[in-house]
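A, B, ... follow the sequence lines: proteins, then strands. Residue 1 opens every chain.
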There are 2 protein chains.
Amino acid sequence: MLNSVSSLDRTDITILRVLQADGRISNVELSDRVHLSPPATLARVRRLEQEGYISGYAAMLNREKLGHDNLALIEIALELHQHERIAEVLDRLVAMPEVLECYHVTGEYDYMIKVSTVNNRALDRFIATRLIPLPGIARIHTSIVLKVLKQTTQLDLPEP
Amino acid sequence: MLNSVSSLDRTDITILRVLQADGRISNVELSDRVHLSPPATLARVRRLEQEGYISGYAAMLNREKLGHDNLALIEIALELHQHERIAEVLDRLVAMPEVLECYHVTGEYDYMIKVSTVNNRALDRFIATRLIPLPGIARIHTSIVLKVLKQTTQLDLPEP
DNA sequence: GAGGGAGAGCGAAGAATATTCCGTTGCCGA
DNA sequence: TCGGCAACGGAATATTCTTCGCTCTCCCTC
């Protein structure tokens, strides 16, 4: 059951909206906002976690304050020969901590990754010593992020 | 003081690492992991929040379970005439709830946005009725995400 | 070398919260 | 109408949060 949004009622949606915006809110305050008792609210949150609607909670850190001055979007084209090794290459790629996101995409290139490093030199080192040496990399195209205008994980949920 | 990672000690870094992975962990358990008392741990977390190292906490939701079957990366080139209107256009762009991320990037296009919608039809509607009508849009290039191989917000922090 | 102030930590205690348990209610379907 | 089920609320207990005061250490100054 991939898409089971229909099994969620308005209260569930409200809970998800609140937790998307403040994942560390206390259960009593959450229960206030959704007009339920704390036990009923907690049971719903546990169910949403259990059923996989909530995959986890994360503290959002300030990249620049932590010394990550460089963000890059790198498109990657793979050679399709020996395609049985592609899975291995992708495993190694997503295991790299600098790689925050990796997407298989349509278009001229095959994959798009988002890479966060401390500076341009670290990005160069990442590309030259870790990315390029991967077997089967045909070519890459790097876009440097000059400015982050928006960055959120909050999905656009239907109105409650 | 943009980059003040040097003012963080190993315990701070450990706290950030733990909270990145589990933003809803109790302060008692967090204090266990960092080998400090709960009050001392709480004081550090409050300081990290206060000084902006932690910008917030968020529940990570399962896009597909919530009916978002479509993810797209859209490159946007702007017309540079009447550049005083660019800020307004960007404001309107980032205000759209379907737009999860927006970056000013180097390369052939000027901006890259990440858009999450329920399906291809909703994406088409977004592009046709909300994106294209923005003034000053020169051209766009859309890449559909076929598969998400990695998606994390966990920065690669220095070893404690 | 002695005094003293700042910073950070700890333990205890009261307040707040989380969690469990159980009784009640409302809503089907037999 | 009568169970049976699902969901909720209230009460009670367990756990956690948060404050407070004390101690220790590290410097800095005298």
Side-chain angles (χ1 to χ4, degrees), chain A residues 1-62 65-67 153-154 157-160, chain B residues 1-62 65-67 157-160:
Chain A
M1 194 192 299
L2 278 180
N3 175 353
S4 17
V5 66
S6 52
S7 74
L8 301 178
D9 63 15
R10 298 183 167 207
T11 303
D12 289 323
I13 299 291
T14 305
I15 288 174
L16 293 176
R17 294 172 77 94
V18 172
L19 287 178
Q20 272 200 125
D22 182 1
R24 225 176 149 77
I25 189 175
S26 77
N27 185 58
V28 285
E29 187 174 341
L30 178 60
S31 67
D32 274 351
R33 296 230 205 140
V34 301
H35 307 297
L36 273 183
S37 68
T41 307
L42 188 64
R44 279 173 182 263
V45 173
R46 291 285 178 268
R47 178 172 56 79
L48 292 169
E49 291 169 353
Q50 210 70 35
E51 296 178 353
Y53 293 97
I54 298 172
S55 55
Y57 302 89
M60 313 305 290
L61 304 190
N62 185 322
K65 290 214 61 151
L66 290 164
T153 58
Q154 295 188 39
L157 299 181
E159 282 302 319
Chain B
M1 193 193 299
L2 278 180
N3 175 353
S4 18
V5 67
S6 52
S7 75
L8 301 179
D9 63 15
R10 297 184 167 205
T11 302
D12 289 324
I13 298 292
T14 304
I15 288 174
L16 293 177
R17 294 171 77 93
V18 171
L19 288 179
Q20 271 199 125
D22 182 1
R24 224 177 149 77
I25 189 175
S26 77
N27 185 58
V28 172
E29 188 174 342
L30 178 60
S31 67
D32 273 351
R33 297 230 205 139
V34 300
H35 307 298
L36 274 183
S37 69
T41 307
L42 187 64
R44 279 173 180 264
V45 173
R46 291 284 179 268
R47 177 173 56 79
L48 292 169
E49 292 168 353
Q50 209 70 34
E51 295 178 354
Y53 294 97
I54 298 173
S55 55
Y57 301 90
M60 312 305 290
L61 304 190
N62 185 322
K65 291 213 60 152
L66 290 164
L157 299 181
E159 281 304 319

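- Proximity of residues 23-42 of chain A to DNA chain D (heavy atom under 4.0 angstrom from any strand atom) is restricted to A/Leu36, A/Ser37, A/Pro39, A/Ala40.
- In this structure, B/Arg24 CZ and A/Glu49 CD are separated by 7.0 Å, a value rounded to the nearest 0.5 Å.
- Under the 4.5 Å side-chain criterion, counting only non-hydrogen atoms from C-beta, B/Leu157 is in contact with A/Leu61.
- Under a 3.5 Å cut-off, the side chain of B/Ser31 and the backbone N or O of B/Ser37 do not form any donor-acceptor pair.
- In summary, B/Asp22 and B/Arg33 do not engage in a salt bridge, as defined by a charged side-chain N under 4.0 Å from a carboxylate O.
- Contact of the A/Asn62 side chain with the B/Ile54 side chain is not registered, since no non-hydrogen atoms from C-beta on lie closer than 4.5 Å.
- At least one side-chain heavy atom of A/Tyr53 sits less than 4.5 Å from a side-chain heavy atom of A/Leu8.
- Bounding nucleotides for the chain A contact on DNA chain D, 5' to 3', at a heavy-atom distance below 4.0 Å, are D/dC8 to D/dA11.
- A heavy-atom distance below 4.5 Å is found between the side chains of A/Met60 and A/Thr153.
- A/Arg46 comes within contact range of the sugar-phosphate backbone alone, with a heavy-atom separation under 4.0 Å but no base atom that close.
- For the pair A/Arg44/A/Asp9, a side-chain contact is recorded, criterion being any heavy-atom separation below 4.5 Å from C-beta on.
- Nucleic acid contact class of B/Arg44 (heavy atoms, under 4.0 Å, all strands): sugar-phosphate only.
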